[in-house]
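All residue numbers in this chain count up from 1 along the given sequence. Source: prediction; values computed, not measured. Both backbone and side-chain heavy atoms feed into the values below; hydrogens, waters and symmetry mates do not.
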Amino acid sequence: MNVLSIQSHVAYGHVGNASAVFPMQRLGVEVWAVHTVQFSNHTGYGAWRGRVFDGPAIEELVEGIAERGVLSSCDGVLSGYMGSADIGTAILRAVARVREANPAALYCCDPVIGDIGRGVFVRPGIPEFMRDHAVPAADIITPNQFELDYLSGIETRTLADAKAAVAAVQASGPKVVLVTSLHTEETPDDSIDMLAGAGGQFWRLRTPRLSLSVNGAGDATAALFLVHYARSRSAGEALGAAAASIYGLLRRTAEAGAREILTVAAQEEFVAPSRTFPVEAV
């Protein structure tokens, strides 16, 4: 399996491609990583160094990969944080090129826009680009609850609201939606839910809520879900596998009191999760 992953990258820590690439490799996937930025560390530290690349730079790298004659063997494209609409356009052009070479290839878009408690944290114009262009072009999207509400225009207070929001987003294009973090009126205070929807069916998975604040977990979640869905073609099965791995990764990180997720130290969680959780049809 080959995946073209177009995301930000940091030298220190694990966000963007630095969070998504290794878990996929650990699952036996060849990853063609194209970086949209190259920073020393994630911006949550308040200070960083590095450069942001533009759309033409992304297209140049994809052109070089195409010249190797391998796009027909690309099984999926993964994208995350888009620093500008220019980069977003380059990513969608890459998706189109891959689909032209391999119509069966999947595009998984993590529509990074914002989060509950923080609001929108991307540049102006990016939320609209995600809603109007990236999400409709995707086969799979992996929003958090805040992003689901924005994309659907529905405030998700209940599970029924969340299912309606997923269906509304699916109507715009993506067949599969994974809500990576969901807390509704039905969710216990000490728990967090994940919800997957595909083909008119929905599956919920509930894990204990962990006390930690880290960056990059969503990037790893999208990557793991893409790989497991591509292999099984089951949203429920992919939800169970990805959630178990992410919970194990975050539990290990919380126990260590680490600021960066322990992507390397906890790598066995990607192939043999220490704990699994029931996937419930809802």
Side-chain angles (χ1 to χ4, degrees), residues 4-10 15-20 33-39 41-63 77-99 107-156 165-166 168-174 176-181 215-219 221-223 226:
L4 172 63
S5 183
I6 310 177
Q7 300 194 54
S8 59
H9 181 72
V10 293
V15 300
N17 268 336
S19 177
V34 173
H35 304 330
T36 56
V37 310
Q38 176 99 344
F39 286 169
N41 50 270
H42 70 71
T43 58
Y45 285 94
W48 67 93
R49 295 182 182 272
R51 298 184 181 183
V52 178
F53 304 124
D54 57 14
I58 306 306
E59 294 189 46
E60 182 180 357
L61 289 175
V62 173
E63 177 64 28
V77 180
L78 175 65
S79 72
Y81 171 80
M82 298 180 186
S84 67
D86 181 42
I87 289 175
T89 299
I91 290 172
L92 295 189
R93 286 176 179 167
V95 170
R97 293 199 65 173
V98 169
R99 283 175 168 162
Y107 171 36
C108 178
C109 172
D110 182 8
V112 180
I113 296 170
D115 205 351
I116 293 172
R118 297 179 62 188
V120 173
F121 53 65
V122 295
R123 294 179 180 178
I126 295 299
E128 294 81 5
F129 181 88
M130 286 289 190
R131 181 191 63 206
D132 300 335
H133 301 285
V135 166
D139 299 291
I140 304 166
I141 64 168
T142 60
N144 60 32
Q145 187 170 5
F146 177 90
E147 291 155 351
L148 176 67
D149 288 7
Y150 172 83
L151 294 170
S152 67
I154 297 172
E155 185 177 1
T156 54
V166 168
V169 173
Q170 287 172 323
S172 73
V176 181
V177 176
L178 171 69
V179 187
T180 58
S181 57
N215 298 77
D219 305 319
T221 302
L226 168 60

Output side-chain donor-acceptor pairs under 3.5 Å for residues 112-126, partner residues at least two apart or in another chain, one line each.
residue : atom : partner : partner atom : Å
R123    : NH1  : G83     : O            : 3.4

> Within a reach of under 6.0 Å around CD of E60, are more than 12 heavy atoms found that belong to other residues, nucleotides or ligands?
Replying inline: no
> Taking only residues two or more places apart in sequence, or in another chain, which ones meet Y150 in a side chain to side chain donor-acceptor pair (under 3.5 Å)?
Replying inline: R131
> If you look at every heavy atom in G80 and M130, which pair is closest and at what distance?
Replying inline: O-CE, 3.8 Å
>> Applying side chain to side chain donor-acceptor pair (under 3.5 Å), can you list everything that pairs with T156, at least two apart in sequence or on another chain?
In response: Q145, D149
Under 3.5 Å, sequence neighbours excluded: what are the donor-acceptor pairs made by side chains of residues 87-99?
residue : atom : partner : partner atom : Å
T89     : OG1  : A85     : O            : 3.0
R93     : NH1  : E59     : OE2          : 2.9
R97     : NH1  : E63     : OE1          : 2.4
R97     : NH2  : E63     : OE1          : 3.4
R99     : NH1  : A137    : O            : 3.0
R99     : NH2  : A137    : O            : 2.7
R99     : NH2  : D139    : OD2          : 2.9

> Under the side-chain contact (heavy atoms from CB on, under 4.5 Å) test, which residues partner V37, sequence neighbours left out?
Replying inline: S8, F39, V52
> Sequence neighbours excluded, which residues qualify as side chain to side chain donor-acceptor pair (under 3.5 Å) partners of S79?
Replying inline: Y107
> Taking it one step at a time, do N144 and T180 satisfy side-chain hydrogen bond (donor to acceptor under 3.5 Å, both in side chains)?
Replying inline: CA-CA 5 Å; N144 60 32; T180 58; 5.5 Å; no
>> I need the I154 CD1 to L148 CG distance, nearest 0.5 Å.
In response: 8.0 Å
>> Quick check: closest heavy atoms across D219 and G16, and the distance to 0.1 Å?
In response: OD2-N, 2.8 Å
> For Q38, which residues count as a side-chain contact (heavy atoms from CB on, under 4.5 Å) partner, sequence neighbours excluded?
Replying inline: H9, H35, F53
> So do D86 and P56 actually touch side chain to side chain, heavy atoms under 4.5 Å?
Replying inline: yes
>> Holding to side chain to side chain donor-acceptor pair (under 3.5 Å), I want the full list of residues that pass it with D110, two or more places apart in sequence or in another chain.
In response: T142
> For V135 and P111, which heavy atoms make the closest approach, and how far apart are they?
Replying inline: CG2-CB, 4.1 Å
> Any donor and acceptor pair, going by atom type alone, linking the side chain of S172 with main-chain N or O of V169 inside 3.5 Å?
Replying inline: yes
> How far apart are the closest heavy atoms of P143 and L178, and which atoms are they?
Replying inline: CD-O, 3.2 Å
>> Tell me whether N17 contacts the main-chain N or O of I6 through its side chain, where contact means a donor paired with an acceptor under 3.5 Å.
In response: no
> Closest heavy-atom contact between A168 and S152?
Replying inline: CB-CB, 4.2 Å
> What closest approach, in Å, do N215 and H42 show between heavy atoms, and which atom pair accounts for it?
Replying inline: OD1-CE1, 3.2 Å
